[in-house]
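For clarity, every value in this text was computed on a predicted model and none was experimentally measured. Quick note: numbers below take in every heavy atom, side chains included, and nothing from hydrogens, waters or symmetry partners. By convention here, the first residue in the shown sequence is residue 1.
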Amino acid sequence: GKTPAERMTEVIKMLPDMENIRLADKEAVDMIQEQYHALNDSQKAKVTNASALELAQAAIQDLLDARAVLEAQTAKAEAMLSGTYSESAVEKLRAALEVAETNQASVSEMKDAAAELKKVCDDVENQGTDAPVFEDVKEGDWYYEAVRLVSGNGIMTGMGDAAFQPFENLTRAQAVVILYRMNVKT
């Protein structure tokens with residue numbers, strides 16, 4: 001029969017290469033690591049590919065770190081996009097969620113998804129930053145962010161004299177203008 005070191009060397013050879021390792025491989029890597037640590041020092045010294053096991057453990061940690069960043073960015077995006085935002089932003093969120101929920105994603109896929117979500121969040125945060133100030137719309141009003149968003153994007157411009165008149169009825173003509181501007185913006 002084979003020595004414990006030879007058996008361990010063969011088991012480590014079965015691990016996927018570092019570019020193909022995924023979180024789905026974590027349980028196997030942990031089990032192999034446990035078996036490796038059960039060997040005595042002289043047996044460990046005879047395992048010719050122990051560095052591959054260390055690299056696999058580092059790759060799993062990189063995946064866990066990337067997943068944590070992606071999950072944090074996803075939570076931020078979900079909170080920000082809980083209102084009504086553009087279809088593309090919602091689609092990017094859904095795509096990122098799919099990446100976050102799979103154990104088959106690579107580190108680069110998770111990092112790319114997190115970066116895309118960060119861009120969506122930054123875009124949403126920056127929407128309406130050039131919004132005009134209306135004397136009848138104050139920070140803390142339940143409609144403040146919506147007014148800031150539509151005015152900052154030129155969809156609604158207010159009623160003149162620094163007034164938005166949030167409680168006035170909307171005329172058909174105003175509705176047509178708003179719909180036109182929304183269509184032009186998308």
Open item on the list: Can you confirm if the NZ or CZ of K44 lies within 45° of the ring axis of Y36 and under 6.0 Å from the centre of its six-membered ring?
Closed with: yes
Open item on the list: Strictly distance-based, threshold 3.5 Å: is any side-chain N or O of N40 a donor or acceptor partner for the main-chain N or O of Q43?
Closed with: yes
Open item on the list: Under 4.5 Å between side-chain heavy atoms, counting indirect links through other Ile/Leu/Val/Met/Phe/Trp/Tyr residues: same cluster for V69 and L63 or not?
Closed with: no
Task: Contacts of K2 that satisfy salt bridge (charged side-chain N to carboxylate O under 4.0 Å, His left out) - sequence neighbours left out - done: E10
Task: Side-chain heavy atoms of D136 within contact of P166, under 4.5 Å - done: yes
- [ ] Quick one: pull up OG in S106 and CG in D62 and give me the separation to the nearest 0.5 Å.
- [x] 11.5 Å
- [ ] Please answer: with hydrophobic residues joined when any side-chain heavy atoms are less than 4.5 Å apart, are M14 and M31 in the same cluster?
- [x] no
List, one per line, each side-chain donor-acceptor pair under 3.5 Å for residues 46-61, sequence neighbours excluded.
unit_1, atom_1, unit_2, atom_2, d
N49, ND2, T9, O, 3.0
Q57, NE2, Q33, OE1, 2.9
Q61, NE2, D65, OD1, 2.8

Task: Minimum side-chain heavy-atom gap S151-M156 below 4.5 Å - done: no
Task: Spatial distance of atom CD1 (I32) from atom CG (L15) [nearest 0.5 Å] - done: 4.0 Å
Task: Exam field: side chain E71 to backbone A68, donor-acceptor pair closer than 3.5 Å - done: no
Open item on the list: Let me confirm one number: the CZ-OG1 distance from F134 to T157, rounded to the nearest 0.5 Å.
Closed with: 7.0 Å
Task: Distance-minimising heavy-atom pair for M159 and F164 - done: CG-O, 3.7 Å
- [ ] Among residues two or more places apart or on two chains, list those pairs meeting salt bridge (Lys or Arg N to Asp or Glu O under 4.0 Å) that have a residue in residues 15-30.
- [x] K26-D30
Open item on the list: Would you say V177 ends up clustered with L170 if hydrophobic residues are merged whenever their side chains have heavy atoms under 4.5 Å apart, either directly or through other cluster members?
Closed with: no
